[in-house]
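Worth knowing before you read on, the calculation uses all heavy atoms, side chains too, and leaves out hydrogens, waters and symmetry mates. Small disclaimer: the values here were computed from a predicted structure and weren't measured.
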Amino acid sequence: MTLACVVLMIVLTACSGTAGTESDGKVRVTATTGMIADIAREIGGAYVEVTGLMGPGVDPHLYKASQGDIRKLEQAKVIFYNGLHLEGKMTSILEKMSKSKLVTAVAERIPTEELHSGQATGGTEYDPHVWFNVKHWMRAAEAVRDTLTEADPDHAEQYKAQAESYLEKLNALDAEVREKITLIPEASRVLVTAHDAFGYFGQAYGIKVMGLQGISTAAEYGAKDVSELRDFLVENQIKAVFIESSVPAKAMEAIIAGAAEKGHTVSIGGELFSDAMGAEGTKEGTYIGMVRHNVETIVAALK
């Protein structure tokens with residue numbers, strides 16, 4: 001998608017005079033990831049029509065906006081995205097659109113002193129995977145609440161009430177995660193995944209996290225990375241590694257095979273949802289359900 005095409009679509013949408021509002025008066029919202037779309041639905045309720053761009057199994061780091069995506073963005077009154085360069089090449093398009101409509105990067109509500117550096121593991125200035133610390137994701141929910149209130153002040157009280165209800169659920173989820181992680185013996189609290197997406201999770205809930213790739217899946221991994229992670233598994237007698245729904249499993253399978261050659265058996269502890277949620281209509285197709293699935297999978301494999 002060229003810049004000229006983006007500009008043309010902006011002009012055409014602006015001229016239509018209908019962008020941003022459904023015929024039934026609902027506010028049109030477009031969100032990049034499923035996790036953000038889920039927040040918008042929870043807080044917006046009956047007053048919004050939410051469209052998510054990235055479905056199950058989609059890697060946001062490598063995602064490229066299609067013409068259909070640009071149309072959905074331009075038809076929206078409000079756009080939510082993660083920010084911190086999670087959306088990669090889409091970031092520049094989203095920043096341009098912020099000049100003509102309400103566009104909010106929800107992760108940028110989190111104070112920078114609470115963010116992790118991403119540069120050490122081949123990523124951007126900050127690690128964008130903030131949703132793995134539920135407390136951080138509560139800040140993202142507050143950003144959604146405030147933006148919807150600005151876009152639709154007539155329903156400000158409803159957005160506030162729905163946000164309060166959702167924030168209570170997230171607070172309870174945070175406590176639930178902390179309790180479940182204690183079921184894993186301290187020596188076994190090591191989470192090994194395909195890419196380094198769980199840093200905030202590890203810090204918040206007391207688990208050592210290691211990933212084959214860096215913060216972004218756009219970063220290449222090599223034979224040295226594979227051998228180093230294999231040797232770590234063997235030396236520390238790690239019994240399980242985890243694959244991710246949005247990242248090919250072949251790299252982890254190679255590490256398992258390498259460990260077997262050294263006489264150490266490693267199994268796949270299960271599939272985790274990292275950069276994308278599960279299918280719509282399933283428990284894992286919501287943020288809360290996704291977090292619960294991940295924690296239950298990790299605990300079952302490591303305890």
Under 4.5 Å between any side-chain heavy atoms of M210 and F232, yes or no? yes
Determine whether V266 and I238 make a side-chain contact, defined as any pair of heavy atoms from C-beta on separated by less than 4.5 Å. no
Could you list the residues that satisfy ring pair (Phe, Tyr, Trp, His ring centres under 6.0 Å) with F273, not counting sequence neighbours? H293
Side chains of T30 and R71 in contact at under 4.5 Å (non-hydrogen atoms): no
Would you mind writing out the side-chain donor-acceptor pairs for residues 198-209 within the sub-3.5 Å range, not counting sequence neighbours?
{"from": "Y200", "atom 1": "OH", "to": "H116", "atom 2": "N", "distance (Å)": "3.0"}
{"from": "Y200", "atom 1": "OH", "to": "D127", "atom 2": "O", "distance (Å)": "2.6"}
{"from": "Q203", "atom 1": "OE1", "to": "H116", "atom 2": "NE2", "distance (Å)": "2.8"}
{"from": "Y205", "atom 1": "OH", "to": "V134", "atom 2": "N", "distance (Å)": "3.1"}
{"from": "Y205", "atom 1": "OH", "to": "D174", "atom 2": "OD1", "distance (Å)": "2.7"}

Using a 4.5 Å cut-off on heavy atoms from C-beta on, say whether the side chain of M90 contacts that of M54. yes
With a 4.5 Å limit on heavy-atom distance, are the side chains of F80 and I39 in contact? no
Not counting sequence neighbours, which residues clear side chain to side chain donor-acceptor pair (under 3.5 Å) with H155? List them please. D152
Looking at L53 and K72, what are the two nearest heavy atoms and their distance? CD2-CD, 3.8 Å
Judged by modelled atom types alone, do N294 and T297 share a side-chain donor-acceptor pair under 3.5 Å? no
If you look at every heavy atom in T286 and M277, which pair is closest and at what distance? C-SD, 3.3 Å
For A175, all residues meeting side chain to side chain contact (heavy atoms under 4.5 Å, CB included), sequence neighbours excluded: none
Those residues that, when tested against T104, pass side chain to side chain donor-acceptor pair (under 3.5 Å) (two or more places apart): T147
Closer than 3.5 angstrom, by distance alone: can the side chain of S165 be matched with the main-chain N or O of Q162 as a donor-acceptor pair? no
For residues S245 and S274, report the shortest heavy-atom separation together with the two atoms involved. OG-N, 4.4 Å
How far apart are the closest heavy atoms of P128 and L84, and which atoms are they? CB-O, 3.6 Å
Sorted by chain and number, sequence neighbours left out, ring pair (Phe, Tyr, Trp, His ring centres under 6.0 Å) with F242 holds for none
Mind checking what makes side chain to side chain contact (heavy atoms under 4.5 Å, CB included) contact with E296, not counting sequence neighbours? K180, R292
Closest approach of I43 to R145 (non-hydrogen atoms, all atoms of both residues): CG2-CA, 4.0 Å
Can you confirm whether V103 sits close enough to L73 that some side-chain heavy atom of one is under 4.5 Å from a side-chain heavy atom of the other? no
Pairs under 3.5 angstrom only: tabulate donor-acceptor contacts from the side chains of residues 186-194 to other protein residues two or more places apart or in another chain.
{"from": "R189", "atom 1": "NE", "to": "I184", "atom 2": "O", "distance (Å)": "2.7"}
{"from": "R189", "atom 1": "NH2", "to": "I184", "atom 2": "O", "distance (Å)": "3.0"}
{"from": "T193", "atom 1": "OG1", "to": "H195", "atom 2": "O", "distance (Å)": "3.0"}

For residues 131-142, the side chain to side chain donor-acceptor pair (under 3.5 Å) pairs (sequence neighbours left out) are E114-R139, K135-N171
Might you work through the side chain to side chain contact (heavy atoms under 4.5 Å, CB included) test for Y166 and D38, ending with a clear yes or no? CA-CA 11 Å; Y166 189 54; D38 189 51; 3.7 Å; yes
Quick check: do K101 and E74 have side-chain heavy atoms less than 4.5 Å from each other? yes
Closest non-hydrogen atoms of A141 and L170, given as atom of the first, atom of the second and distance, are CB-CD1, 4.4 Å
Residues in side chain to side chain donor-acceptor pair (under 3.5 Å) contact with E87, at least two apart in sequence or another chain: T32
Side chains of N82 and V130, heavy atoms from C-beta outward: is any pair under 4.5 Å? yes
Partners of E95 by salt bridge (Lys or Arg N to Asp or Glu O under 4.0 Å), sequence neighbours excluded? none
Examine distances only and state if a side-chain atom of K262 and a backbone atom of V234 form a donor-acceptor pair shorter than 3.5 Å. no
Using side chain to side chain contact (heavy atoms under 4.5 Å, CB included) as the criterion, list what pairs up with V48, not counting sequence neighbours. V27, V29, V50, L148, Y159
